[in-house]
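Read through the structure below, which is laid out as structure tokens, and then see the notes.
Only heavy atoms go into these numbers, but all of them, side chains included; no hydrogens, no water, no symmetry mates. Letters go in sequence order (proteins before strands), and every chain restarts at 1.
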Number of protein chains: 2
Amino acid sequence: MKSEDIAKLAGVSRSTVSRVINNYPNIPEKTKQKVQAVIDKYGYTPNSIARTLAGKKNNIIGLFIFDKFYNKNIDPNNPMYSIHDSPYLSELISYVTDAAENNDFNILISVINSQSKKNKFDKLIKSDIISGAIIVGGETDKEILGKIISSKIKTVFIDEYLDGEYDNIIHIYSENYEGAYTATQELIKAGHKKIAHITGNLKKFDARERLRAFKDCLIDNGIKLNKNYIIEGDFSLKSGYNAAKELYEKNKNNMPTAIFIANDLMAVKAIEYFKEKNFNIPQDISIIGFDNHSFAEILLGGLSTISRPIGELAIKAVNSLITFIYLDDKSKIKQEKIKSNYINRKTIKPPK
Amino acid sequence: MKSEDIAKLAGVSRSTVSRVINNYPNIPEKTKQKVQAVIDKYGYTPNSIARTLAGKKNNIIGLFIFDKFYNKNIDPNNPMYSIHDSPYLSELISYVTDAAENNDFNILISVINSQSKKNKFDKLIKSDIISGAIIVGGETDKEILGKIISSKIKTVFIDEYLDGEYDNIIHIYSENYEGAYTATQELIKAGHKKIAHITGNLKKFDARERLRAFKDCLIDNGIKLNKNYIIEGDFSLKSGYNAAKELYEKNKNNMPTAIFIANDLMAVKAIEYFKEKNFNIPQDISIIGFDNHSFAEILLGGLSTISRPIGELAIKAVNSLITFIYLDDKSKIKQEKIKSNYINRKTIKPPK
DNA sequence: CTGTTAGCGCTTTCAT
DNA sequence: ATGAAAGCGCTAACAG
């Protein structure tokens with residue numbers, strides 16, 4: 001069934017049918033209803049491929065996840081990360097998809113983890129298949145940025161650093177810095193002075209921001225940075241355990257009394273490690289995480305943490321992009337930050 | 001830049017350019033190279049929207065996830081499940097996306113969790129936007145099935161039950177029954193006779209199969225079923241804890257010596273519960289899980305379990321679908337099962 | 001082997 | 001207010 005069939009059935013021309021479908025202004029209510037009745041009766045839906053070719057926007061947004069599947073430094077044959085190992089990415093996919101569908105858009109998902117994928121990415125953003133792109137992953141890649149700029153595709157970056165402003169790119173940030181500052185401040189407020197930090201993957205913007213805030217907060221409070229108290233993790237469960245171990249082994253004789261861990265996932269296994277070493281949480285060591293993962297909350301109900309509302313981030317990103325696609329004017333879009341909040345549970349106590 | 005431009009530049013007609021792009025047989029090497037050179041020089045890519053309209057297949061596969069976001073029985077305002085709460089679904093998305101992209105296909109992802117989403121699903125499969133569909137979720141919905149059949153869209157069901165054969169539907173199964181039978185058999189082999197089972201969400205096909213195998217295996221071994229030893233879970237972390245509690249409270253005076261838990265995720269929290277109650281695993285209670293989740297493995301390294309190779313399932317599903325799309329003949333596609341294996345780790349011991 | 005031509009189903013000027 | 005006609009960029013049947 002095509003528009004021509006509807007036209008015949010309704011006794012009008014294809015153009016009129018098109019006008020009804022697209023809600024053109026100067027078309028009398030009578031004609032509109034007549035045509036609409038036929039459309040409804042036959043359950044006609046316009047072919048969106050044809051519409052796109054004829055110049056309409058395609059209601060598809062590309063969600064591009066820049067992440068490594070393999071960490072070659074560790075084991076070239078063994079998958080290390082993947083989107084399903086990251087609750088952050090999994091949640092983002094959930095919520096972005098949902099937000100898009102609530103606006104009658106669909107999500108085309110793509111994971112970019114190799115050079116050949118980068119080339120496919122390039123083709124995709126040059127094509128008319130998608131009318132906008134959402135970029136996540138936190139590691140801004142010059143080559144990719146170049147492709148995005150030259151393709152002119154409307155793009156939103158979620159929690160990625162960019163030095164410069166580009167006409168076709170908008171940003172959505174969550175309060176990584178502010179949240180991490182609060183986290184550290186809460187530890188200090190409880191009386192701690194020997195405070196450690198297990199970082200996220202420092203290739204990622206959010207991890208770097210959280211580290212920066214940690215340092216700033218200590219300095220602002222007149223606490224000297226102790227290099228041995230900063231351990232590099234990578235946001236994964238496993239690295240939480242390893243980082244905790246490294247922290248312990250480096251500081252056996254001078255353990256910190258509190259730790260700010262860059263995400264809840266690492267906190268899960270870090271806490272496990274400390275328990276194995278017979279530390280009591282929070283009596284011996286206070287812990288604050290970041291993200292407020294539902295996963296982590298179920299695993300260890302009492303973790304004090306900082307929320308990062310991924311749902312809001314996703315909705316904001318999708319809505320901004322859709323507005324951008326239709327308005328074609330970046331200046332009309334508010335690029336505010338998504339708020340973080342301190343979630344006070346049971347893993348912070350004053351030091352002994 | 002369009003094919004006409006390339007044609008002019010290469011001194012041929014548009015048709016010839018099209019033939020080169022589509023690898024037509026009877027076209028001399030010389031012409032081919034001449035045209036290809038121009039294509040490469042200008043980095044021309046054919047507009048896939050136009051190709052699709054002109055009759056080519058669109059290299060997009062729809063991945064449809066049928067799952068509830070909310071469990072109204074428990075709390076209408078509170079999200080209960082979502083794809084990111086299920087490692088199975090998260091992994092499937094990862095691997096399906098990867099497999100598709102390795103075959104130059106893209107994945108359009110959609111989560112169907114409401115009536116309005118069902119209607120959008122209907123539009124999508126009737127459109128030419130996607131040339132095939134993958135269905136996951138395990139709860140075959142009559143309404144959806146009807147839409148799929150009448151739309152004729154080429155579809156692959158992953159681990160879903162279907163009574164009947166349809167020309168446009170193919171199946172990929174993993175060995176739910178066989179794996180669960182093995183799991184139970186391993187417990188019996190170790191000497192257990194008092195064996196319990198925590199089921200998955202029984203609305204789902206895989207959960208029902210696992211339960212069926214559990215029962216069959218006990219009967220085949222002459223062990224009488226104890227109703228109080230079968231507890232209904234729903235595959236989620238939380239339900240693992242709750243089910244373990246229910247099992248304990250129902251059987252305080254006659255606890256089973258072994259439990260087959262329908263997925264590793266529930267096993268994580270079930271084990272936590274039993275430890276709280278001062279049971280030793282496996283001395284007091286042997287446990288076997290299912291799925292061999294990397295997540296669960298990191299959380300509790302020693303869990304004995306049954307593998308369900310989600311990567312293979314995904315690859316098989318994508319490859320079969322692509323073959324189906326191009327061959328247009330279901331009979332040529334092998335619909336074999338993806339093998340499960342017993343992973344012998346540290347949570348099974350003979351009873352005391 | 002290759003060019004010409006007719007669509008694919010829709011939107012959108014242009015004309016009335 | 002509405003119909004006729006052109007065109008989006010490509011493929012494929014037809015002709016030679």
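As judged by a 4.0 angstrom heavy-atom cut-off over every strand, B/D128 is placed among residues making no nucleic acid contact. B/V12 comes within contact range of the sugar-phosphate backbone alone, with a heavy-atom separation under 4.0 Å but no base atom that close.
If you look at B/Y173 and B/F205, their ring centroids are closer than 6.0 Å.
Between the side chains of A/N103 and A/N319, at least one donor N or O sits under 3.5 Å from an acceptor N or O.
Of all nucleotides listed (C/dC8, D/dT11, C/dT4), C/dT4 comes nearest to the side chain of B/S15. Checking C/dG3, D/dT2, D/dT11 against every side-chain atom of B/S18, the shortest atom distance belongs to D/dT11. Candidate nucleotides C/dG7, C/dG9, C/dC10 were compared by shortest atom distance to the side chain of B/A54, and C/dG7 ranks first. Side-chain atoms of A/S13 lie closest to D/dG3 of the nucleotides D/dG9, C/dG3, D/dG3.
Atom-to-atom, CG of A/L53 to P of C/dC8 comes out at 13 Å; the value is rounded to the nearest Å. The distance between atom CD1 of B/I21 and atom P of D/dC10, rounded to the nearest whole Å, is 7 Å. Atom-to-atom, CZ of B/R19 to C1' of D/dC14 comes out at 10 Å; the value is rounded to the nearest Å. One can place CD1 of B/I49 at 13 Å from P of D/dT11, the figure rounded to the nearest angstrom. Atom C1' of nucleotide C/dT12 and atom NZ of A/K57 are separated by 15 Å, given to the nearest angstrom. Put simply, NZ on B/K34 is 13 Å from C1' on C/dG3, counting in whole angstrom units. If you measure from atom CZ of B/R14 to atom P of D/dC10, you get 8 Å, rounded to the nearest angstrom. Summarising the geometry, the separation between CD1 on B/I129 and C1' on C/dC8 is reported as 15 Å, rounded to the nearest angstrom.
Sorted by residue number, the list of members of residues 2-11 of chain A with any non-hydrogen atom under 4.0 Å from DNA chain D is empty. Of all the residues in residues 25-33 of chain B, B/N26, B/I27, B/P28, B/T31 reach under 4.0 Å from DNA chain C with at least one non-hydrogen atom.
Residue A/Y44 places none of its side-chain N or O atoms closer than 4.0 Å to OP1 or OP2 of C/dG9. Regarding contacts with the backbone of D/dG3, a side-chain N or O of A/T16 is found under 4.0 angstrom from either OP1 or OP2. The side chain of B/N22 places an N or O atom within less than 4.0 Å of a non-bridging phosphate oxygen (OP1 or OP2) of D/dT11. Considering only side-chain N and O atoms, B/Y24 lies under 4.0 angstrom from the phosphate OP1 or OP2 of D/dA12.
Using a 30° and 60° split on the angle between ring planes, B/H84 and A/Y95 fall in the tilted class, from 30° to 60°. Note: A/F157 and A/H171 have tilted aromatic rings, judged against thresholds of 30 and 60 degrees for the angle between ring planes.
Heavy-atom minimum distance, B/G62 versus B/I130: N-CG2, 3.8 Å. Shown here for B/R14 and B/A7, the closest heavy-atom pair between the two residues is N-CB, 3.7 Å.
Classification of A/K8 and A/D5 as a salt-bridged pair fails, no side-chain N sitting under 4.0 Å from a carboxylate O. A salt bridge links A/D141 to A/K118: one of the charged nitrogens lies within less than 4.0 Å of a carboxylate oxygen.
With contacts defined as side-chain heavy-atom distances shorter than 4.5 Å, the pair B/V156/B/S320 does not qualify.
Around CG of A/D167, the count of heavy atoms belonging to other residues, nucleotides or ligands within 6.0 Å does not exceed 12.
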